[in-house]
Amino acid sequence: MQEIIVDIWLIICGCICIWKGFYSFSKTEKLKAFLEDKDYACQAEGMIRVVRVEYHARHRFDDYIVNITFTDFREKNISVTKTVNSSHCSTKYLRKNKKKTEVPATIFYRRENPKECIIEELKEFEYIRNEGWIMLLAGVLFILLGGVLIYYYYWRKVG
């Protein structure tokens with residue numbers, strides 16, 4: 001009976017992974033629409049400064065609190081403080097330049113709300129798209145493994 005419960009949990013985890021994959025794909029579509037909408041999206045050159053790093057047990061999941069400064073289309077200076085980590089973007093650019101005071105970056109922002117911005121160097125779009133495929137694949141594998149194990153345990157007890 002315990003084997004069946006574990007197998008059902010594998011199938012539930014597979015469904016959660018598939019849901020997360022589809023969520024990542026929808027987030028990718030939103031980012032793609034944001035970047036392609038030339039009427040409301042603008043591009044600017046700016047600077048990123050790492051304000052603080054909150055370290056975790058695993059180096060990969062450190063939280064980087066960054067200050068983003070750029071000039072918008074009205075020649076107004078904008079400063080945004082944002083927390084980024086490797087759960088939604090590539091932080092390799094920040095890790096390499098952590099010692100520097102400020103590093104240049106390309107920033108995409110909305111005209112009506114410049115504080116809503118995306119940093120090109122963090123590769124958010126590519127990261128989320130890849131995450132979607134990985135989660136879908138993991139979900140299918142979990143479901144298949146759970147199904148095969150249930151089939152095996154059922155036929156072993158019946159047969």
Side-chain angles (χ1 to χ4, degrees), residues 1-43 46 48-68 70 80-98 103 105-110 112-159:
M1 185 64 182
Q2 293 173 347
E3 296 90 6
I4 300 294
I5 293 172
V6 170
D7 298 338
I8 290 172
W9 274 110
L10 277 173
I11 292 172
I12 290 171
C13 288
C15 292
I16 290 171
C17 286
I18 288 174
W19 173 81
K20 175 70 172 144
F22 281 120
Y23 178 74
S24 294
F25 282 130
S26 70
K27 196 170 181 181
T28 301
E29 290 300 316
K30 288 178 187 175
L31 282 175
K32 185 177 177 183
F34 171 74
L35 294 174
E36 289 176 349
D37 190 7
K38 300 297 181 196
D39 294 334
Y40 297 106
C42 296
Q43 179 180 350
I48 303 174
R49 183 173 58 90
V50 177
V51 176
R52 186 175 74 235
V53 180
E54 293 178 358
Y55 294 101
H56 298 284
R58 297 191 66 192
H59 177 69
R60 179 184 167 112
F61 297 109
D62 295 340
D63 291 332
Y64 290 84
I65 292 94
V66 295
N67 188 4
I68 306 161
F70 61 95
V80 179
T81 301
K82 195 175 184 180
T83 301
V84 294
N85 62 25
S86 62
S87 68
H88 59 57
C89 66
S90 173
T91 56
K92 185 189 297 185
Y93 183 72
L94 296 175
R95 280 195 305 269
K96 283 194 319 190
N97 296 308
K98 183 168 53 173
V103 291
T106 305
I107 294 131
F108 295 96
Y109 64 94
R110 290 195 183 274
E112 65 272 358
N113 186 9
K115 299 214 183 253
E116 186 179 330
C117 59
I118 298 171
I119 303 164
E120 182 180 18
E121 283 76 11
L122 297 184
K123 297 177 177 49
E124 223 172 320
F125 179 75
E126 293 87 1
Y127 189 85
I128 293 172
R129 185 180 59 212
N130 291 339
E131 179 189 46
W133 286 112
I134 290 169
M135 294 306 282
L136 279 176
L137 180 64
V140 168
L141 291 176
F142 278 144
I143 290 173
L144 287 175
L145 179 64
V148 165
L149 291 175
I150 286 175
Y151 178 77
Y152 172 74
Y153 291 129
Y154 177 75
W155 285 110
R156 189 177 72 170
K157 292 191 183 220
V158 172

Taking the side chain as everything from C-beta on, heavy atoms only, tell me whether [X] gets closer than 4.5 Å to [Y].
{"X": "L136", "Y": "F22", "value": "yes"}
{"X": "V84", "Y": "I119", "value": "no"}
{"X": "V50", "Y": "V103", "value": "no"}
{"X": "L145", "Y": "L141", "value": "no"}
{"X": "I18", "Y": "I143", "value": "yes"}

Measure the [atom1]-[atom2] distance between [X] and [Y] for me, rounded to the nearest 0.5 Å.
{"X": "T28", "Y": "W133", "atom1": "OG1", "atom2": "CH2", "result": "10.5 Å"}
{"X": "F25", "Y": "K32", "atom1": "CZ", "atom2": "NZ", "result": "12.0 Å"}
{"X": "N67", "Y": "R52", "atom1": "CG", "atom2": "CZ", "result": "12.0 Å"}
{"X": "K20", "Y": "I134", "atom1": "NZ", "atom2": "CD1", "result": "11.5 Å"}
{"X": "Q43", "Y": "I118", "atom1": "CD", "atom2": "CD1", "result": "11.5 Å"}
{"X": "I5", "Y": "L10", "atom1": "CD1", "atom2": "CG", "result": "12.5 Å"}

[X] versus [Y], closest heavy-atom pair with distance:
{"X": "Y153", "Y": "I4", "answer": "CB-CD1, 4.1 Å"}
{"X": "K82", "Y": "I68", "answer": "CD-CD1, 4.0 Å"}
{"X": "C117", "Y": "Y109", "answer": "CB-CB, 4.0 Å"}

| Between L149 and V6, does a side chain to side chain contact (heavy atoms under 4.5 Å, CB included) hold up when you go through it step by step? | CA-CA 9 Å; L149 291 175; V6 170; over 6 Å; no
